[in-house]
Each structure stands twice: as C-alpha cells, then as structure tokens.
Q: 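Structure below; questions to follow.
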Protein chains: 2
Amino acid sequence: MSSGAEPRERGGTPTLASIAAKVGVSINTVSRAIRAPKTVRPELRRQIAEAMDELNYVPNRLAGGLSGTRSDIVGVVVTSLYYSEFASIIDTLQSALLKDNLQVMLANTRYDPDQEITLVRSILSWRPAAVAIIGVDHPAKVTELLKSSGVPVIEMWDVGGGIIDSAVGMDHEGAGKAQAQHIIACGYRHLAFLGSMRENDMRARKRARGAASAIAAAGLPDLVHSVRQEGGRPALGEELVHELLDHHPQIDGIICNSDVVAFGVLKALHERGRKVPDDIGVIGFGDSEAANYVTPSLSTIRPGRHRIGELTAELIVARINGEEPRTDVVDWELIARNSTRPSRSPNR
Amino acid sequence: MSSGAEPRERGGTPTLASIAAKVGVSINTVSRAIRAPKTVRPELRRQIAEAMDELNYVPNRLAGGLSGTRSDIVGVVVTSLYYSEFASIIDTLQSALLKDNLQVMLANTRYDPDQEITLVRSILSWRPAAVAIIGVDHPAKVTELLKSSGVPVIEMWDVGGGIIDSAVGMDHEGAGKAQAQHIIACGYRHLAFLGSMRENDMRARKRARGAASAIAAAGLPDLVHSVRQEGGRPALGEELVHELLDHHPQIDGIICNSDVVAFGVLKALHERGRKVPDDIGVIGFGDSEAANYVTPSLSTIRPGRHRIGELTAELIVARINGEEPRTDVVDWELIARNSTRPSRSPNR
DNA sequence: CGGCCCTGACCCGAGTTTGGG
DNA sequence: TCCCAAACTCGGGTCAGGGCC
C-alpha cells in the first residue's frame, strides 16, 4: 500500500487468466461469462462470479478498447468550468451517458486555442467513441483532427456556421437581440454592452452583435461597449460600470454578458446612487442560481442548459449507433425580474 | 463522415505501421522517433514527423497504457457538480494535471453509495495512474476496491478518520464550530442549523455537529435543526425558513449549510419583515461568487477550494513518482460581512 | 446429428528487449 | 558506436472449430 514506485506490481491485479486458473476453465470461457452469460452453464457462471468477487476483479478496459469495437470513452472539451454554464451541462451529460456505460474524459481549454489543439489531440489519443466540444468555432487544426479521426463529434452550446458533424446549442445572436429588445421595450434608450469578452469567446461576440443590430433597428444611439479580455467575475462588473459611467454618464441601460458580472454592476450602481430599475435598467445572461436573490432581482436570459446536456447525450448515443448527424437548436427564455422596469410589449 | 455505424473503419486511423510504411522504416523506429528522438537520425526523424503530420497521426494511448508502465488517466470521483464547490476543485485539479500529461476521467455519484461503487469500479477498469475522490467516508466495497487496486488514492475535501492512502481537505467540524462561534460572538442566542443534509453528505453532518458542540460549550439553548434530504437550492432556504420560524419564532441566528441556501434564507427573512442583521443573523458556507453581492452581503466560511485542487494535483504526481502517502489539511477562512452584526471578539 | 458448452489461436497497437549490421 | 529490425509483452475480443450428450 505504501509504495507507488513500482510501475504496477507484477501479477498484482487479477486478470481473466487469474480467474480462469482459479476456477479451472479457459480464459475465454471467463470472458464469455461476462459478455454473453447465456453461453455459459449457470453453475460455472456462479463459480466464476464468485471468483471474480473474491479477487476483486476489475476488467481492463484499456485492453477491451484496444482489441475491440469501441472504447466507451466520451471526450468532453469545455472552455471553462468554474463560474460557468458548463458545469451544469457536464453534470447532465455525464449522468445521462452513465446509462450506456460511457465514461466522460474531461478537458478544459480556458479559451486558449493552442490548448484546444493539444487537448483535442490528447482526447483523440484515447480513441473515444465520441467527442463533445463547446462551440462551433475552432482552430483549423482542431477541425481537421476531429474530421479525420472519423469519430462522431457533437458541438455544444452554440450553433450555426460550419458544423463538423452534429450540434446542440442555442442562437446566441438571437439571445443578444432579445436582451436589447427587452431593455428597449422597458423604455431605456442609451445602452451599453458590458462584461467579459475574451478573444475566442465567439458566443459573447455573437450576443453583442445581436444586441447592436436590435439597437440599430430601433434607431437608437450606438451601443457603447465596456468589455475586457478576461473571465467574468462580479468585481469586473463593478470596475467596468465605474469606467463606463465616468465616460458615458447618459447611459440608462446595461446589457451584461453574464449574470455574475451583472451582480457587480448592480452593486456599483447602488453605490453610485443610480436607482435600478428607475434610473437605469440592467439585464444579465445565464440565469445563475443567485439571479433571483440579489437586490433588485436580475432580469436575464435563461439558456436551456439542462436540455443541451440531455440532447447531447442522446445524440452521442444515436451517432454511435450509426444514426445520421443532426443539429438541434435549443430554446432560451427571457426572465423579466426587477432590474428592468415593467415593459408593455410582450417579451421576445 | 456520415456513418458511425462501422465499429471503426478498417485501416482508417493511422498507426505506427502506417507511418513506418510511408517512410520505409520499421514500426519500432517510428516509435523511437517519438519517445527517444536522439536515437534516430535527424533526417529520418524529420521525414517521420512529416508523415505523422500529413496522416494526422494520433498515438493510441489505449495500446500504450496496456503494454506499459502507466495509463496517464486520473479518475476523479465527485458527489455533485452543479451548484457545488467541486466544479472549482476539478477546474484547478485538471489544469494542474495537464503539465504532467495526465487526463481526467470524471464521475459524479450524486451522493448515491451504490452509484459510488459502480463508478469506482468503472474508473478502476481504466487502470488509472491515480484516483481522486471526494470525502473520506465511503461504502466498504469502495474502500476495498480502491485498496486492492494498488492505485494511489487521494481523498479530497474532508480529512480525518481512516484515510485509504492520502488526503487533502479541511476540518468540517471545525468550520461548523466557527460558524456557531462567530454568530454567538455577534450576540445571537437562539440558533438554528438550516439547509440540505443528504444522508451520505458526511461533511454537512460534521459541520452541524461542530456547530452543536460550540453552542453547548457556550451554554446556549440547543441547536434547532431545519434540514431536508435533498440538494441545496435557494428555494429550499426559503421553504425551510418559513417552516422554522412558524415553529420556533424565537430563533435569532441561522447557520446555513451552504451559501445558495442562505440566499433563499435572506430573501424569506426580508419578506417576513425580519431585519438582518439587527433582528436575526445569518451565516453561510462556501463563499460563492454571489455572497458579497446579495443584500445584505453574506457572512460565510471560505474553504480553500483552489488550494485543495492544487495540492491534490501535487500529491497525485508525488504518489505516482513513489513518494509516501500523506494528509494535508487546508485552511478555511471566516469572512464576516453584513448578514451578521459586528462582533467584538476576534474571528476564529 | 444438432445443439450446447467450451477451447486454441490469432488480433488489436504500442512499448520493450535483444541482437545484428 | 550508432542505428535499426524482429520478436515478444500487455489483457481481453473474436472466430473457427472440437468434444460431448
């Protein structure tokens, strides 16, 4: 127990051969007893099961995957994990995959494209049965690797553009447009887009673009951007609001790129004495667990996180079983709370 | 691209043999070119690298793991993922393991002991180089499987009791005691413990026990429990507060089992017209990102999540390299904010 | 003779060892 | 000495076939 120095103690872990020797049958019979129990006599089967239990036998799936059909690994590549939507997606996804005995192998790129290439290569080296990856915009090498691997690929969270194989996501540009339309419908006129905007977060860019187009369509002054190339945190929201209002005091509506940033925005506005929602409106994105519990409660967009995880799992299994690739678009929902004035026009 | 039906297209994925054939050398020269470049002529090496790139060669680590020394997989078993501390731990852990080319294989038990047995067995079937698992209290079969596997095991989050191999965690009983001591120091006298308390969440039980002992030591009335066997959500906090105050109107201090539950508690207290922190004090656990942004801001315990992830990664690498098992205790910190009155006595 | 139950031989793809030019 | 190749290893899947009732 004490030393992990030896690579693996010779003969330490039991194999099919250990069981076979113990029961007095061939390796092959033991193998069949596991994979196709009906082909083995019940009495023998019982003895084998007993021996396996006694020796704490655990099959070596590396060996199984090598020789065989599939590896039962699903590679999951996300761009962030903490303070992010993706923890929820992974949660749902992995528990759905459990039914099919598929194991999740996790990688987190942290929005670094070089890291993404490395990690995708690394995931592929385990010969996964499928790969689920956040986003539809990847470095060319990633697309090439995934395509040439022949493995089913499900792109998650976003949709649109050139899908590698299959996709399950939402329309981010539409969501950004809806954020702006809601805040316009509430009577705010001088709008800003605020939050984290990392270079490779295409979803954030799409939402900003959607918001800008809605504002142009409404004939309002141009959307002011107050963004920074770093992850979203509440403190970032505070900093950006101060910066924003120092330069653009006329702003009366803030479209946030995420709820966590909006939390900081609400706090900073309170400190500056700007009343929400009377003087200024705020809308978030994500519907985080605390959105309904800050003061005032936060209007936001609720993406179908759970649904995305579920559908991705379904699609993975379908693709493994040879069904055709497809793209599923998941709905989001606008949740109007108290950080925006009541609007007359219907949501969405 | 369209059909995933065939197990794996014969000859589809390039192997060492494909490269060897293309360049006109033996398989094993290619293998050496990868693992020990110095043993291969530079010119040949260049040709091989070229061929690998052209064919999008990705080594098969199943095969590597089978034949060899290690599998480079680290199994990570958590009890929950969404709305939990563990997303952060996994985040840190996996990015630290990246440096050593170790891949995270993820499993989520959702506090189900049967699931835990299944998942640990499943993880072990991949012959991981190490296993990191939440908690120190496991079903007997899990302990047995892990012990007999001979794989280094790092138990995370909690410490104390019979450690299987190594552990990195915090003292939950001490944290619970500190929650109570703080709230007592702030002058509250009639205390309740409130939140999620799943049967197999031993950490929650330990914190409750710690709180109870601090209260007994202070000679105050017994801790009132208002808990339920389900996951923590803000709405649960709301429900439990109403239930609690209907039966125990004298309560003037609430110790919450998690911040998300505390968010609901604050809201419900506001609705009932009980002033926080004047009439009643509230303390959370976890220091979630929103804790400083609800109204009033939430006093809480900040566990060393990041540190736990880091130390676990370090310990995994150390154990793989044959260093001795050890147990690291990570500090937590009491963060006093505005949901409790200012206290005279020093924290902790 | 047919079906049931079992076995031997070979395969997967890379790591490792040995020995030879 | 440097570079390379053949042969064998890991553990289980697969296929063809054999003995027995």
Side-chain angles (χ1 to χ4, degrees), chain A residues 6-48 52 55 57-73 101 122 124-129 149, chain B residues 6-21 23-48 52 55 57-73 101 124-129 149:
Chain A
E6 293 77 33
R8 172 103 56 206
E9 300 84 278
R10 224 18 78 176
T13 27
T15 68
L16 284 186
S18 331
I19 313 285
K22 194 175 169 75
V23 180
V25 293
S26 82
I27 292 179
N28 200 312
T29 302
V30 180
S31 173
R32 273 181 307 116
I34 297 171
R35 302 191 327 279
K38 286 145 295 182
T39 68
V40 175
R41 199 163 16 109
E43 163 58 13
L44 235 190
R45 213 156 60 198
R46 204 190 46 70
Q47 285 182 45
I48 291 175
M52 294 199 318
L55 268 55
Y57 171 74
V58 177
N60 185 336
R61 294 226 252 172
L62 295 177
L66 214 209
S67 75
T69 32
R70 313 198 327 222
S71 83
D72 291 344
I73 291 177
N101 212 6
S122 179
L124 286 177
S125 75
W126 294 103
R127 296 296 182 268
S149 74
Chain B
E6 293 76 33
R8 172 103 56 208
E9 299 86 277
R10 223 19 77 176
T13 27
T15 70
L16 283 186
S18 329
I19 314 283
V23 179
V25 293
S26 83
I27 291 180
N28 140 341
T29 301
V30 180
S31 173
R32 273 182 307 114
I34 297 172
R35 302 192 325 280
K38 285 144 298 183
T39 66
V40 175
R41 195 159 24 101
E43 163 58 13
L44 234 191
R45 212 157 59 199
R46 202 190 48 69
Q47 286 181 42
I48 289 175
M52 293 198 320
L55 270 55
Y57 171 74
V58 177
N60 184 336
R61 294 227 250 170
L62 295 177
L66 215 208
S67 77
T69 31
R70 307 202 327 224
S71 82
D72 290 344
I73 291 177
N101 213 6
L124 286 176
S125 74
W126 294 103
R127 296 296 181 267
S149 75

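A, B, ... follow the sequence lines: proteins, then strands. Residue 1 opens every chain.
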Q: For a quick test of reading the model: is some side-chain N or O of Tyr57(A) closer than 4.0 Å to OP1 or OP2 of dG11(D)?
A: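 Answer no for this pair, as no side-chain N or O of Tyr57(A) is under 4.0 Å from OP1 or OP2.
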Q: For Ser71(B) and Arg127(B), indicate whether the former's side chain and the latter's backbone hold a donor-acceptor pair under 3.5 Å.
A: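 Pair found, side chain donor or acceptor close to backbone of Arg127(B).
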Q: Taking all non-hydrogen atoms of both residues, which atom of Pro14(B) and which atom of Ser18(B) are closest, and how far apart?
A: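 Closest approach of Pro14(B) to Ser18(B): CA-OG, 3.3 Å.
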Q: Can you name the side chain to side chain donor-acceptor pair (under 3.5 Å) partners of Ser122(A), sequence neighbours left out?
A: Arg61(B), Gln103(B)
Q: Would a distance-only check, ignoring hydrogens and angles, find a side-chain to backbone donor-acceptor pair under 3.5 Å from Asn28(B) to Ser31(B)?
A: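 Between the backbone of Ser31(B) and the side chain of Asn28(B) there is no qualifying donor-acceptor contact (under 3.5 Å).
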Q: Rounded to whole Å, how long is the line connecting atom CG of Asn60(B) with atom P of dC11(C)?
A: 18 Å
Q: Please report, rounded to the nearest Å, how far the C1' atom of dC12(C) is from the CZ atom of Arg127(A).
A: 11 Å
Q: Please report the C-alpha distance between Tyr57(B) and Ile48(B) in whole Å, then the side-chain angles of each, then the deciding distance to 0.1 Å, and finally whether the side chain to side chain contact (heavy atoms under 4.5 Å, CB included) criterion is met.
A: CA-CA 11 Å; Tyr57(B) 171 74; Ile48(B) 289 175; over 6 Å; no
Q: Under the side chain to side chain contact (heavy atoms under 4.5 Å, CB included) criterion, do Val30(B) and Val25(B) qualify, and how do the steps go?
A: CA-CA 7 Å; Val30(B) 180; Val25(B) 293; 3.9 Å; yes
Q: Measure CD1/Ile19(A) against P/dG11(D) and give the value in whole Å, please.
A: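 Going from CD1 in Ile19(A) over to P in dG11(D) covers 13 Å.
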Q: To the nearest 10°, give me the bend of the helix from dG2(C)-dC21(D) to dG21(C)-dC2(D), comparing the axes of its five terminal pairs at either end.
A: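 The helix from dG2(C)-dC21(D) to dG21(C)-dC2(D) shows an end-to-end axis angle of 50°.
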Q: Measuring to OP1 and OP2 of dG13(D), would you say a side-chain N or O of Arg35(A) lies under 4.0 angstrom away?
A: yes
Q: What salt bridge (charged side-chain N to carboxylate O under 4.0 Å, His left out) pairs are there with at least one residue in residues 20-48 of chain A, not counting sequence neighbours?
A: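 Residue pairs passing salt bridge (charged side-chain N to carboxylate O under 4.0 Å, His left out), neighbours aside: Lys22(A)-Glu54(A), Glu43(A)-Arg46(A), Arg46(A)-Glu50(A).
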Q: Taking OP1 and OP2 of dG13(D), is either one under 4.0 Å from a side-chain nitrogen or oxygen of Ser31(A)?
A: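 Result: yes.
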Q: Using a cut-off of 4.0 Å between protein heavy atoms and nucleotide atoms, how would you tag nucleotides 2-7 of chain C 5' to 3' with B, S and -?
A: ---SBB
Q: What pair of heavy atoms forms the shortest contact from Leu66(A) to Asn60(B), and how long is it?
A: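 Distance-wise, the nearest heavy atoms are CD2-ND2, 4.2 Å.
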Q: Can you name the side-chain contact (heavy atoms from CB on, under 4.5 Å) partners of Ala17(B), sequence neighbours left out?
A: Thr15(B), Ile27(B)
Q: Figure out the CG/P separation between Leu16(A) and dT14(D), and round it to whole Å.
A: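 Answer to the nearest Å: 13 Å.
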Q: Taking CZ from Arg45(B) and P from dC4(D), how many angstroms apart are they, rounded to a whole number?
A: 10 Å
Q: What is the distance, rounded to the nearest whole Å, between atom CD1 of Ile34(B) and atom C1' of dA14(C)?
A: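 Value for this atom pair: 9 Å.
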Q: Which whole-number value in Å describes the distance from Gln47(B) CD to dC3(D) P?
A: 15 Å
Q: Out of dA14(C), dG11(D), dT16(C), which nucleotide sits closest to the side chain of Leu66(A)?
A: dG11(D)
